[in-house]
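Step one of this worksheet: look at the structure below.
All values reported here derive from a predicted model rather than from experimental measurement. Count residues from 1 along the sequence. When reading the values below, keep in mind they use all heavy atoms of this one structure, side chains included, and skip hydrogens, waters and symmetry mates.
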Amino acid sequence: MRRNAVAAVAMAALLVTAGCSSMLGPGTGSGTGTVNFYVSDQPGAIDDFEHLNVTVDNVTFVRADGNQTTVEANETFDLTRLEGSNASLVEAYEVESGNYSKVFMSVSEVDATYTGDASGDVKLPSGKLQLNQNFTVESNESVDFVYDVMVVKAGNSGKYVLRPVVSESGTDVDIEEVDASVDADAEAGMEGDVSMAQRQGSLDFYVSDEKNAIDDFEHLNVTITEIEFRRAGEDSENESEMENESEMENDSDDEMEDGDGEWVSHEVNGTTVDLTELQGDNATLLRTFNLSEGNYTKVFVHVSEVNGTLTDGSTTEVKLPSSKLQLNDNFRVEANESVDFVYDITVVKRGNSGKYNIKPVASESGTDVPIDEVDGDDADERTEPTDDEVERPASLNATFVGNVSAGENATVAVSWNGTAVENATVVYDGTEYATGEDGEVTFAVPENATAVEVTVTYEDSEAELEREFESESGASTNANGNGDGQNALARL
């Protein structure tokens with residue numbers, strides 16, 4: 001590993017520049033040690049990016065007694081090369097020995113290149129990443145520290161947020177050292193990316209709704225966690241002649257290992273869509289995926305949660321057998337080309353039981369389907385309802401973006417009738433925050449927190465959001481009764 005040589009050079013340089021780069025408390029006198037500081041990345045939404053270059057200006061180490069050491073970094077790293085245990089060495093830093101409780105990483109620029117025709121905006125609230133992590137630096141000794149960063153998508157807004165991952169950061173983390181600096185990428189000529197692009201195309205994956213019982217609902221929120229595509233097997237090139245049909249039940253998971261073709265899985269981090277906004281040709285872009293060139297025969301959509309609110313304000317049971325939607329539909333992805341794919345979902349009433357099912361609609365799904373693209377940013381452009389359409393009251397919605405854990409940053413997204421709300425008031429632990437133009441706000445959750453309770457107010461409406469963390473017995477609940485506190489609707 002090259003860190004020993006780097007450490008020696010860095011330590012000498014930092015001794016000369018310590019007066020400029022360090023802010024140490026007086027009278028500590030406990031000696032110094034070395035932190036080999038690495039950057040890594042957890043999957044999250046990283047598959048949406050060809051490159052995600054993050055420029056780190058400086059790093060601040062905060063001791064348990066409050067003393068701080070700030071050191072320069074001035075490095076740019078491509079997070080797409082740092083998934084899993086891959087980690088890139090920023091620098092070997094000399095710091096005061098002792099116990100540390102926090103690490104801040106200041107980021108001056110995020111430069112994103114999206115896969116295929118995908119587009120979006122990557123945001124870092126406050127210009128820095130804050131990580132609450134306890135570790136010790138011994139005098140005259142060296143320790144490896146990994147700062148893990150994740151990019152997550154903010155609902156259907158087309159925007160992304162960078163955040164640290166406590167569970168994958170710290171000194172007791174596996175490291176596969178790679179050089180992910182942008183300079184190293186330029187020297188390598190990106191040969192691997194070129195060869196991959198020759199074999200891959202992109203697929204814009206849309207979700208829509210075929211009208212059945214959707215008029216019974218004020219909101220029908222479906223939370224999608226994963227999309228799976230099945231390639232045609234070597235003996236199945238003519239499967240496009242097969243009749244398309246949807247499957248809901250009696251489809252064993254063993255089918256996924258039947259050897260007829262490989263499965264490609266993409267996580268989408270609990271993206272929630274409201275089917276009431278997606279009737280007819282209306283469709284929302286869930287994600288753009290890179291897929292290998294070839295024929296595909298099946299698409300599975302894994303759903304973690306379905307929340308239905310009827311037009312009278314009451315809730316009702318909406319069932320999804322087997323926690324996934326299964327669709328047989330044959331389509332082809334060409335190398336270096338983009339294709340639109342619509343996955344149509346409908347809700348049907350189960351007789352007079354007052355209960356509902358959701359299921360895919362093969363006849364309205366596929367690559368040759370009209371699309372009237374809508375998302376939160378398009379809400380103002382939608383046509384007003386006619387007299388024979390249901391006029392829905394204004395609705396405030398609050399949602400946790402990504403995971404919520406003790407000792408990590410939490411992000412709340414606020415929308416009004418599906419449109420991001422700026423300057424909504426978010427109150428957590430007695431502190432008021434205001435959402436930005438993207439409708440989001442980020443705050444730190446203490447390590448000893450047992451729950452996160454948030455109150456959101458905008459105009460005359462209020463919403464509450466709660467997430468309880470697992471207890472020692474492993475139980476986890478929340479005040480909304482849905483098991484994860486992902487969405488909270490307004491009290492008008």
Side-chain angles (χ1 to χ4, degrees), residues 117-120 153-159 202-224 227 244 246 268 270-289 299 301 303 305-311 318 320 325 327 329 331 338-349 356-397 399 413 415-421 439 487 489:
D117 293 331
S119 61
K153 193 169 185 179
N156 296 319
S157 65
K159 298 180 180 180
S202 64
L203 182 140
D204 294 330
F205 192 89
Y206 290 85
V207 174
S208 185
D209 173 81
E210 174 66 10
K211 186 174 180 179
N212 274 303
I214 195 66
D215 282 344
D216 293 359
F217 292 85
E218 179 178 352
H219 296 289
L220 182 53
N221 295 326
V222 177
T223 300
I224 300 171
I227 309 294
N244 292 339
S246 63
V268 293
T271 300
T272 301
V273 296
D274 186 349
L275 295 185
T276 64
E277 299 178 356
L278 301 176
Q279 300 181 48
D281 292 342
N282 284 358
T284 186
L285 179 63
L286 186 75
R287 190 69 58 85
T288 297
F289 300 113
V299 183
V301 172
V303 174
E305 184 180 359
V306 182
N307 288 324
T309 302
L310 296 173
T311 54
V318 182
L320 170 62
L325 295 163
L327 178 71
D329 196 281
F331 62 96
S338 178
V339 62
D340 293 338
F341 185 95
V342 175
Y343 201 106
D344 199 285
I345 302 171
T346 193
V347 59
V348 294
K349 195 169 185 178
Y356 298 79
N357 281 351
I358 61 171
K359 67 187 185 100
V361 183
S363 61
E364 300 295 329
S365 301
T367 56
D368 189 19
V369 177
I371 296 175
D372 185 2
E373 184 171 355
V374 297
D375 57 30
D377 295 332
D378 296 333
D380 294 336
E381 301 175 7
R382 296 173 192 163
T383 58
E384 294 296 325
T386 60
D387 292 338
D388 59 348
E389 290 179 324
V390 177
E391 184 175 351
R392 305 187 187 281
S395 177
L396 179 67
N397 181 267
T399 306
S415 62
W416 180 265
N417 281 356
T419 302
V421 174
N487 294 87
L489 298 179

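- The side-chain heavy atoms of Phe341 and Ile227, taken from C-beta on, include no pair separated by under 4.5 Å.
- The line from CD of Glu373 to CG of Asp204 is 8.0 Å long, rounded to the nearest 0.5 Å.
- For Asp274 against Leu278, the heavy-atom pair with the smallest separation is O-CG, 3.7 Å.
- Taking Val342 as the reference, Tyr206, Ser208, Val369, Ile371 meet the side chain to side chain contact (heavy atoms under 4.5 Å, CB included) condition, with sequence neighbours excluded.
- Separation of atoms OG1 (Thr271) and CZ (Phe205) is listed at 11.0 Å; rounding is to 0.5 Å.
- Here the CG-OG1 distance, from Asn221 to Thr309, works out to 7.0 Å after rounding to the nearest 0.5 Å.
- Side-chain contact check for Thr284 versus Glu277: every heavy-atom pair is 4.5 Å or farther apart.
- For the pair Asn212 and Val347, the minimum side-chain heavy-atom distance is 4.5 Å or more.
- A donor atom on one side chain and an acceptor atom on the other are not found under 3.5 Å apart for Ser365 and Asp329.
- Rounded to the nearest 0.5 Å, atoms NE2 (His219) and CG (Asn307) are 11.5 Å apart.
- In this structure the side chain of Val273 never reaches within 4.5 angstrom of the side chain of Ile345, judged on heavy atoms.
- Across every non-hydrogen atom of Gln279 and Asp215, the tightest pair is OE1-OD1, 3.9 Å.
- Taking the side chain to side chain donor-acceptor pair (under 3.5 Å) definition, one finds that Tyr343 meets it with nothing, sequence neighbours left out.
- For the ring pair (Phe, Tyr, Trp, His ring centres under 6.0 Å) test, residues two or more places apart in sequence or in another chain that qualify with Tyr356 are Phe217.
- Proximity of Thr346 to Ile214: side-chain heavy atoms (C-beta onward) are nowhere separated by under 4.5 Å.
- Closest heavy-atom contact between Lys359 and Leu325: CA-CD2, 3.8 Å.
- For the side chain to side chain donor-acceptor pair (under 3.5 Å) test, no residue two or more places apart in sequence or in another chain qualifies with Asp340.
- In terms of the side chain to side chain contact (heavy atoms under 4.5 Å, CB included) criterion, residue partners of Ser363 (sequence neighbours excluded) are, by chain and number, Val361.
- Side-chain contact between Glu305 and Thr272 is absent, with no heavy-atom pair separated by less than 4.5 Å.
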Val207 and Leu275: side chain to side chain contact (heavy atoms under 4.5 Å, CB included), yes or no, with the steps?
CA-CA 8 Å; Val207 174; Leu275 295 185; 4.2 Å; yes
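- Between the CG atom of Leu310 and the CG atom of Asp216 there is a distance of 6.5 Å, given to the nearest 0.5 Å.
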